[in-house]
Structure formats: C-alpha cells, structure tokens
Amino acid sequence: MKHFAFDGRLVVVGFGSIGQGVMPLILRHIAIDPARITIITADERGHDVANEYGLRFINQALTRADYQDRLSALLGPGDFLLNLSVDVSSIALVELCRQRGALYLDTCIEPWAGGYTDPSLSPSLRSNYALRESMLGLRAGAGANDPTALITHGANPGLVSHFVKRALLDVAAACGLDATRPADRAGWADLARRAGVKVIHIAERDTQIADRPKQRGEFVNTWSIDGFVGEGCQPAELGWGSHEKALPPDGRRHDFGCDSAIYLMRPGASQRVRTWTPQEGPFHGFLITHSESISIADFLTVRDNGAVVYRPTCHYAYHPCDDAITSLHELAGKTWQQQPVQRLMMNEITAGIDELGVLLAGHGKGAYWYGSQLSVGEARSLAPHNNATSLQVTAAVLSGMIWAMENPNRGIVEPDEVDFERILDLCRPYLGPVVGAFTDWTPLDGREALFPEDIDRDDPWQFRNIRVL
Ligand code: NAD
C-alpha cells in the first residue's frame with residue numbers, strides 16, 4: 001500500500017545497512033519517482049542496490065567545507081533530506097534544511113567525524129546529552145511554519161518511545177488505573193508517576209549468528225560498526241530517576257540544560273547492567289548512551305513549582321549479537337583502538353532474532369516488557385537488503401518519513417512528541433511478533449546465594465542494584 005504521494009526530491013546521505021535496507025520500503029510505500037532520488041555516500045557499498053532501483057549514486061563524502069554548496073543544489077521547499085550517515089553533523093544538516101525549506105529525518109544526532117572521541121572536549125560535552133541540548137537549542141530560532149525535522153527516529157532511538165507509551169497504557173490498565181490515552185506530555189508523565197514506574201530499560205537481545213565466526217582483528221556486528229564503536233566510546237549515560245537514593249560514585253551531572261540525565265566517567269561499552277527480555281530471560285546488557293535515555297526521561301518528568309517530583313531512570317541495556325560481544329572484548333583490550341577489519345553481517349546470518357523492547361519496572365505488577373521479536377528469516381521474507389536488526393530500524397525510518405510528509409510544518413520534533421499510534425500502525429507489518437509480557441524478575445534475583453553482595457534490599461530498582469560492578 002502507498003501511504004503518501006511525494007512529488008519532491010529525496011536526498012539520502014549515507015547508504016550503509018540502514019540506507020540500503022530502507023530503500024525497498026520507501027519505494028513500496030511512498031509514491032515517488034526513483035529518478036528524483038539521489039544518494040550521497042562515502043564508499044561504494046550499496047552501489048549495486050542503487051543501480052537495482054535506478055537511483056543516482058554519488059560516492060563523495062560530505063565535509064564541513066562543502067556540504068552547504070553540494071546539498072543546497074539538491075534541496076528546496078518540499079524536498080526531503082534523509083540522513084543515514086555516520087560522521088556528518090546532524091545539527092548542520094537540520095539548519096541547512098530549515099534554510100532550504102526541506103523536510104529532514106535522521107536516526108541519531110551525529111557530530112562531524114571525531115566528535116565522539118575528541119580529547120579536547122570534556123566527557124560532558126562529548127555526551128549525547130550535549131548533542132541533544134545543541135539540537136533542541138535550534139528551536140530558539142525557529143519560525144512558526146518551519147519544515148519538519150524529525151530527529152532520532154530509528155528503532156532506538158525512535159520506535160521505542162512509541163513502545164513506552166503503549167506499555168504505559170498496558171501497565172496502567174493492569175494496575176487498575178484509568179488507562180485513557182493522555183492528551184499531552186504532562187498527561188503521559190502523570191500516568192507514569194501514578195503507575196509507579198521507577199525504571200525504563202531499552203532491553204535488547206540480538207541472537208543473530210552467522211556461518212562464519214569472528215576472526216582475530218575483525219569487528220563483527222549486525223548494523224554500523226563505526227556507529228556502534230562511536231557511541232560505545234562515549235560516556236555511559238542514563239536518564240536519572242527521582243527514586244534513586246544516591247548518585248553513583250563516578251556519576252556526574254551536567255551544568256547546563258534540562259538536567260534529566262547523568263553520565264558515568266567510563267565508556268558505555270565497558271559498563272554492563274542487568275535486564276530482562278521475554279525470550280532471553282535475565283541477561284547483562286551494555287549501558288550504551290542513546291538519545292532516548294535522555295529524551296524519554298525528560299518527557300516523563302513531573303515538576304511542581306519547578307522542582308522535579310517524578311522521573312523514571314531510563315537507559316539502554318544492549319546485548320548485541322555474540323560476535324559483537326567478542327569484538328567489543330577485543331576492542332576494549334586494545335584500549336578502544338578499532339580493529340583493522342569490519343564485517344557488517346547480512347547474507348551470512350543463518351539464524352536468530354532481535355528482541356528489542358522496553359522494560360517498565362518498579363510498578364505494582366513488577367516489570368513489563370513490550371516490543372518486537374523479529375527473526376532474521378521473517379525479516380528476509382518481508383523485505384530485501386535487511387536483517388532482523390536493520391528492519392526494525394528501517395520500518396521506523398519509513399514510518400517517520402510518512403509522518404513528516406503528513407505533518408510538514410512542525411519544526412524540530414523528537415519521537416516522544418509524535419503520534420505513537422500512527423507510527424506503530426505503520427511499523428507493525430515489519431516487526432514480527434509484537435508482544436507484551438509481565439515478569440516478577442528483579443535485578444536482585446539469585447544474588448545472595450553464593451557471594452552475598454552489598455545490595456539495596458529495600459528497593460530492587462535502584463540503579464546500584466542494576467549496575468554490574
Ligand atoms: P553504516 O556504517 O552501515 O553506513 C554509514 C554510511 O555513512 C556509509 O554509507 C558511509 O559511506 C556514509 N558516510 C560516512 N561518512 C560520510 C560522509 N562524510 N558523507 C556522506 N556519507 C558518509 O551505518 P548504518 O548501520 O547504516 O547506520 C547509519 C546511521 O544510523 C548511524 O548514524 C547509526 O548510528 C544510525 N542507526 C540508528 C539506529 C536507531 O535505531 N536509531 C539503528 C542503527 C543505526
């Protein structure tokens with residue numbers, strides 16, 4: 001089904017796993033002439049896919065010096081810039097689209113190359129919190145009818161913000177509360193407070209495996225290796241809940257912005273946390289920084305006369321595919337110097353699922369996970385050029401593009417501010433089984449038996465209990 005007839009031009013920056021994976025969905029669900037699509041990328045990957053669909057393919061990296069001239073020639077009012085690159089500043093592209101009157105979508109707030117690990121910047125300024133504050137700072141100069149720029153709308157960040165709302169309504173109903181859909185941000189925050197949600201994990205377990213094991217000196221993953229290593233080397237970050245009794249010893253607050261999040265003085269790829277998904281059960285995930293940890297915590301904050309009276313702790317808990325775990329182990333051992341070889345797994349994947357959802361915990365019913373359990377086999381049967389991980393992202397990109405086309409004058413928008421039911425309806429055909437499951441699991445389970453630990457028995461949902469020391 002075509003959801004929108006788009007007669008503008010479409011420029012796609014970056015054509016890696018997500019760019020290639022989203023193209024069949026765009027051409028299937030948006031009526032657009034392929035001759036109006038231009039890809040600008042920094043390597044030859046995907047050239048064959050561009051040829052398959054009859055798209056213009058330019059292999060010449062954008063730089064700080066030339067992006068304005070090169071993109072201005074391709075973008076005007078009613079056109080669309082889809083940013084699926086690494087190493088190109090999202091903030092620069094949003095500003096340019098605003099000047100040109102073009103719609104915009106990305107899946108991550110990227111800095112220019114090197115921004116994540118720039119030693120001249122403090123950890124606070126290398127954080128996603130700082131990138132988000134800079135992006136939202138652009139709203140200050142906004143006009144009333146600015147073109148829509150939907151930022152961070154992949155799977156996570158992106159789709160998971162919509163899962164949170166669906167899950168909140170389910171938890172509220174199970175707790176016997178009024179589960180009518182709230183009308184605004186304050187209503188959602190109040191619902192989370194009344195339901196007693198203390199913690200929100202973006203809990204993901206990727207079990208995809210290939211017929212080729214990881215080799216020494218090789219980083220293997222199911223999506224961008226540069227993207228994953230970049231964010232994994234940023235400080236671990238988490239939305240900081242009002243129920244937390246003490247800041248971690250290595251936890252720091254930022255001295256600017258909305259104050260919804262803290263960071264730890266260590267890279268996220270070295271910090272594990274305890275979490276749970278329905279198929280995997282309990283596991284350790286990495287506390288990788290992500291924009292949704294900060295935006296969801298901010299969105300669900302309740303204030304009274306300016307003072308925070310409620311906020312959930314919110315963070316990512318990511319178990320990448322097993323080959324990525326051994327790749328990370330090797331990377332950490334080399335003090336975060338990247339391996340010489342990268343392999344983004346696609347056709348060689350033989351089995352596995354990406355179980356990606358949100359775990360809302362600490363309320364009267366324990367914990368509740370809601371999300372997608374997409375297998376690689378089902379992903380392949382639904383769309384070419386995808387694995388299970390990429391299809392969860394590309395379905396969300398497609399749905400965000402359609403929403404932006406349907407709502408073209410909203411200015412800069414975060415996923416939390418978008419109609420969640422419209423997005424879930426659009427994504428649903430591509431997510432495989434979408435399930436909700438309650439559990440009585442807590443991060444204290446089984447901790448006393450062999451090595452009694454210094455844990456907080458009164459409140460299982462303290463970050464101190466969740467963090468793996
Ligand atoms: P990838 O590494 O497979 O591809 C990145 C692409 O960017 C490549 O085509 C590369 O040539 C291009 N590129 C690099 N430098 C460029 C430059 N200077 N100018 C133009 N193009 C340039 O990455 P991917 O897996 O496709 O991910 C793309 C982006 O999406 C990353 O920012 C990643 O973090 C993000 N992402 C978000 C989610 C989510 O759920 N929100 C999930 C996966 C990926």
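Only heavy atoms go into these numbers, but all of them, side chains included; no hydrogens, no water, no symmetry mates. Every number for a ligand or one of its atoms is a count from 1 in the order of the listing.
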query = Do the non-hydrogen side-chain atoms of W403 and H153 ever get within less than 4.5 Å of each other?
reply =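 The answer is no; the side chains never approach within 4.5 Å.
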
Ligand 1 versus [X], non-hydrogen atoms closer than 4.0 Å: side chain, backbone, both, neither?
X: R45; result: side chain
X: V88; result: side chain
X: T63; result: neither
X: D226; result: neither
X: Q392; result: neither

Return the residue, atom name and 0.1 Å-rounded distance of the protein heavy atom closest to [atom].
atom: atom 25 (O) of ligand 1; result: S17 OG, 2.7 Å
atom: atom 41 (N) of ligand 1; result: T107 O, 2.9 Å
atom: atom 28 (C) of ligand 1; result: L84 O, 3.3 Å
atom: atom 18 (N) of ligand 1; result: L62 O, 2.9 Å
atom: atom 26 (O) of ligand 1; result: I18 N, 2.9 Å
atom: atom 15 (N) of ligand 1; result: V86 O, 3.2 Å
atom: atom 38 (C) of ligand 1; result: V393 CG1, 3.9 Å

key: Nearest atoms (heavy-atom pairs only) where V358 meets V160   =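 Taking V358 first and V160 second, the nearest heavy atoms are CG1-O, 3.7 Å.
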
What are the two closest heavy atoms between C314 and A297, and how far apart are they?
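Closest approach of C314 to A297, heavy atoms only: CB-CB, 4.3 Å.
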
Just going by heavy-atom distances, which of [options] is nearest to [atom]?
atom: atom 34 (O) of ligand 1; options: Y67, W112, W223; value: W223
atom: atom 29 (C) of ligand 1; options: C108, G14, S85, G227; value: S85
atom: atom 22 (C) of ligand 1; options: P157, G46, A42; value: A42

Modelled atom types, side-chain donor and acceptor of [X] and [Y], under 3.5 Å:
X: Q373; Y: E355; result: yes
X: D354; Y: T389; result: yes
X: H254; Y: E133; result: no

Original post:
Would you say R56 has more than 12 foreign heavy atoms packed within less than 6.0 Å of its CZ?
Top reply: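 Open.
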
query: Crowded around D7 CG? As in, over 12 foreign heavy atoms under 6.0 Å?
result: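 Check fails, neighbour count at 12 or below.
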
Does an N or O from [X], backbone or side chain, lie closer than 3.5 Å to an N or O of ligand 1?
X: D87; answer: no
X: G16; answer: yes
X: G19; answer: no

What atoms in ligand 1 come closer than 4.0 Å to a heavy atom of [X]?
X: N156; value: 39 (C), 40 (O), 41 (N)
X: S224; value: 1 (P), 2 (O), 23 (O), 24 (P), 25 (O), 27 (O)
X: A155; value: 39 (C), 40 (O), 41 (N)
X: L344; value: 3 (O)

Is a salt bridge present between [X] and [Y], judged by a nitrogen-to-oxygen distance below 4.0 Å?
X: E417; Y: R410; answer: no
X: D322; Y: R205; answer: yes
X: D419; Y: R181; answer: yes

- Message: Between F286 and F228, is the ring centroid distance below 6.0 Å?
- Response: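 Ring centroids of F286 and F228 are no less than 6.0 Å from each other.
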
Practice problem: Could you tell me whether Y318 and H290 have their ring centroids closer than 6.0 angstrom? | Solution: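 Aromatic pair excluded; centres sit 6.0 Å or further apart.
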
